[in-house]
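Model, not experiment: these values are computed from the prediction. To find a chain, count down the sequence lines: A is the first, B the second, and so on, and within it residues start at 1.
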There are 2 protein chains.
Amino acid sequence: MTKVHSASEIDEKGEGFLKNIAIDAVIFGFHDNQLKVLLIEYKGTGLFALPGGFIKTEEDLNSAALRVVSERIGLEDIFLEQFYVFGDYSRYNPTQFKIIMSANGDVPPDDHWLLKRFISIGYYALVDFTQAKPMPAAIFDSCNWYDLTAMPKLIQDHTRIVEKALDTLRSNLDQKLIGFNLLPQDFTMGDLQKLYETILDKKLLRPAFQRKILALGILERVAKKWTGGAHKAPYLYRFRSAKRVSE
Amino acid sequence: MTKVHSASEIDEKGEGFLKNIAIDAVIFGFHDNQLKVLLIEYKGTGLFALPGGFIKTEEDLNSAALRVVSERIGLEDIFLEQFYVFGDYSRYNPTQFKIIMSANGDVPPDDHWLLKRFISIGYYALVDFTQAKPMPAAIFDSCNWYDLTAMPKLIQDHTRIVEKALDTLRSNLDQKLIGFNLLPQDFTMGDLQKLYETILDKKLLRPAFQRKILALGILERVAKKWTGGAHKAPYLYRFRSAKRVSE
DNA sequence: TTCTATTGTAACATAATGATACAATAATAA
DNA sequence: TTATTATTGTATCATTATGTTACAATAGAA
């Protein structure tokens, strides 16, 4: 329950959108050995939130989520998956949305559809930080990456949504092979290990990690080697399989 | 999008319920070495469906799901978890609901809220077959267990929902320790193994299974032994931890 | 050319899992 | 009462996976 379009785009009754349902997206990136989350800031409020949106009357749910994410990040081929539906009544907080809309110049009537209760379907996305281009919308002051460890206070239960997304990412990391969606096309084994260590928040043994990953048979070695350090140059690897978008 | 209450309970505008959102529940049971699913049959239509329902305006999503399930099964303490949200536009099929409502004596106007598009939040429940008491509502002809391998044709995409629930059950079986929710309080190691074999649809080696399960340290041996066969009597076991309901 | 930091992988240790074997035993039948 | 039978509980060994140490290879800097 987050992405508020421009006032002209959505009327007071929410015609053209499904009622009571929102999408919130936790978009993860990885840079400088830090997990990042994309957050937006509502114009003139100092209120930070996850990117989000609503479902058009004739739109598939997963397509709506993809639209919401790609509008913020400027990419089309995105790993994106549902992870939880947040539906506690205690989430309902219309005054916060009155503030957001008022700061944007719209003073909404009390029965405005955006002031009704919303159930939010949580999606998490894994994107290549080097390719992503954060794009604010008109009603945002900003749209930027934040270290997971240094996020501003978020509206509603969005902090909990991020935590739950991280839990899901952790437990899916080994099971499904999704980590590579956070890396650029070519990367070293050290890059991959640091990514795993950052997500899992624990040190891994280098030989065992390398052996395990290579045994999966999903990497191919790129001929050229990375260079730059005063030591033996590591190989560059690339994942064979394509990125997946939901199921 | 399934459980239609009596006509008097819900008005044509759906006052008191969230719009466009439904809950569908895949309730699993285990009996005679068969996985069972609870299905309802809409009165006078021969149409089978998953038990389902809607969310009250001031009700938590997970509470609504628990209400929907316990109304059908007559139990309170139920393992219940979200597994996926079904939101394709192609699910939308109002004529089927016109048939169901007409057969029930209500001829709905075309703008009746139940004839609008619904996004369905899928939950799966694991219940003790010996304790469950399937309870039909007024608008059902029946509410019964069906073998997963011998289900009738279901309305909408409910067959796919069952399949996806089974996938989730399979992948959660080892990770989380949820299998015991399908068994009565006391059971033998053979019972548990048969349950696992049925769910995973493959044979397991008895000594390895026993060692692995016991190593988890979650079972306690009940003093008395089961009896009845012309062979050594197996121990009865009981799970230490309590059942969990969602997160 | 030597030094340094890091990589790639071999080698061994330990733990987990797969597979076979067999004694223990509750009911049945002789 | 005793032998028979089917199944249980677990020991034992084999295989595989994972944890850990060690060391040669090497790109750049000194």
Side-chain angles (χ1 to χ4, degrees), chain A residues 32-33 170-177 179-180 183-240, chain B residues 32-33 170-177 179-180 183-240:
Chain A
D32 282 343
N33 294 337
R170 278 190 181 134
S171 58
N172 284 173
L173 191 59
D174 283 317
Q175 212 166 357
K176 314 176 179 190
L177 304 163
F180 60 87
L183 293 175
Q185 189 181 46
D186 297 346
F187 52 87
T188 69
M189 198 54 76
D191 293 336
L192 188 63
Q193 185 174 343
K194 272 170 195 156
L195 171 65
Y196 270 68
E197 288 179 341
T198 305
I199 293 175
L200 300 175
D201 195 26
K202 68 172 179 186
K203 283 274 165 205
L204 301 173
L205 290 166
R206 195 172 53 86
F209 181 79
Q210 177 131 343
R211 183 180 13 160
K212 188 170 163 176
I213 297 289
L214 289 180
L216 294 173
I218 54 168
L219 293 188
E220 61 178 328
R221 215 174 244 181
V222 179
K224 59 186 173 165
K225 293 183 175 192
W226 175 87
T227 181
H231 50 76
K232 183 176 178 179
Y235 287 102
L236 284 177
Y237 292 91
R238 181 179 298 175
F239 281 92
R240 272 196 242 279
Chain B
D32 282 343
N33 294 337
R170 280 190 180 135
S171 59
N172 284 174
L173 191 58
D174 284 316
Q175 212 166 356
K176 315 176 176 187
L177 303 163
F180 60 86
L183 293 175
Q185 190 181 48
D186 297 345
F187 51 88
T188 68
M189 197 55 75
D191 293 337
L192 188 62
Q193 184 174 344
K194 273 170 196 156
L195 172 65
Y196 270 67
E197 289 179 340
T198 305
I199 294 175
L200 300 175
D201 195 25
K202 67 173 180 187
K203 283 276 166 202
L204 301 173
L205 289 166
R206 195 171 54 86
F209 181 79
Q210 177 130 340
R211 184 183 22 177
K212 188 171 166 178
I213 296 288
L214 289 179
L216 294 172
I218 54 169
L219 293 189
E220 62 178 329
R221 215 174 243 182
V222 178
K224 61 186 171 164
K225 293 184 176 189
W226 172 88
T227 182
H231 50 74
K232 183 175 178 179
Y235 287 102
L236 283 177
Y237 291 91
R238 180 179 299 175
F239 281 92
R240 272 197 243 278

To check you understand the geometry: which heavy-atom pair defines the closest contact between [X] and [Y], and what is its length?
| X | Y | result |
| --- | --- | --- |
| A/R240 | A/L219 | NH2-O, 3.4 Å |
| A/T188 | A/P234 | CG2-CG, 3.7 Å |
| A/R238 | A/D186 | NE-OD1, 2.8 Å |

Whole angstrom value for the distance that separates [atom2] of [N] from [atom1] of [X]:
| X | N | atom1 | atom2 | value |
| --- | --- | --- | --- | --- |
| B/L214 | D/dT10 | CG | P | 7 Å |
| A/M189 | C/dT6 | CE | C1' | 15 Å |
| B/F187 | D/dT8 | CZ | C1' | 16 Å |
| B/K203 | C/dG18 | NZ | C1' | 17 Å |
| A/R206 | D/dC23 | CZ | C1' | 11 Å |
| A/I213 | C/dT7 | CD1 | C1' | 16 Å |
| B/L236 | D/dT8 | CG | P | 12 Å |
| B/Q210 | C/dA19 | CD | C1' | 15 Å |

Say whether, by atom type as modelled, one donor and one acceptor occur between the side chain of B/E197 and the main chain of B/L204 under 3.5 angstrom.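 Yes, the answer is positive, given that a donor and an acceptor are paired below the 3.5 Å cut-off.
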Nearest-nucleotide pick for A/L205, side chain only, options being C/dT7, D/dG9, D/dT20: D/dT20
Would you say that [X] contacts [Y] through its side chain, given a criterion of any heavy-atom pair below 4.5 Å between the two side chains?
| X | Y | value |
| --- | --- | --- |
| B/F180 | B/L195 | no |
| A/D201 | A/R170 | yes |
| B/L214 | B/M189 | yes |
| B/Y237 | B/D191 | no |

A/L192 CG to A/I213 CD1 distance, which is reported to the nearest 0.5 Å: 5.0 Å
Using the 3.5 Å cut-off, write out each protein N or O paired with an N or O of nucleotides 11-17 of chain C and the distance between them.
| unit_1 | atom_1 | unit_2 | atom_2 | d |
| --- | --- | --- | --- | --- |
| C/dT17 | O4 | B/R211 | NH1 | 3.4 |

Using a 4.0 Å heavy-atom cut-off to protein, can you give one letter per nucleotide of nucleotides 25-30 of chain D, 5' to 3': B if the base is in contact, S if only the sugar-phosphate is, - if neither? BBBS--
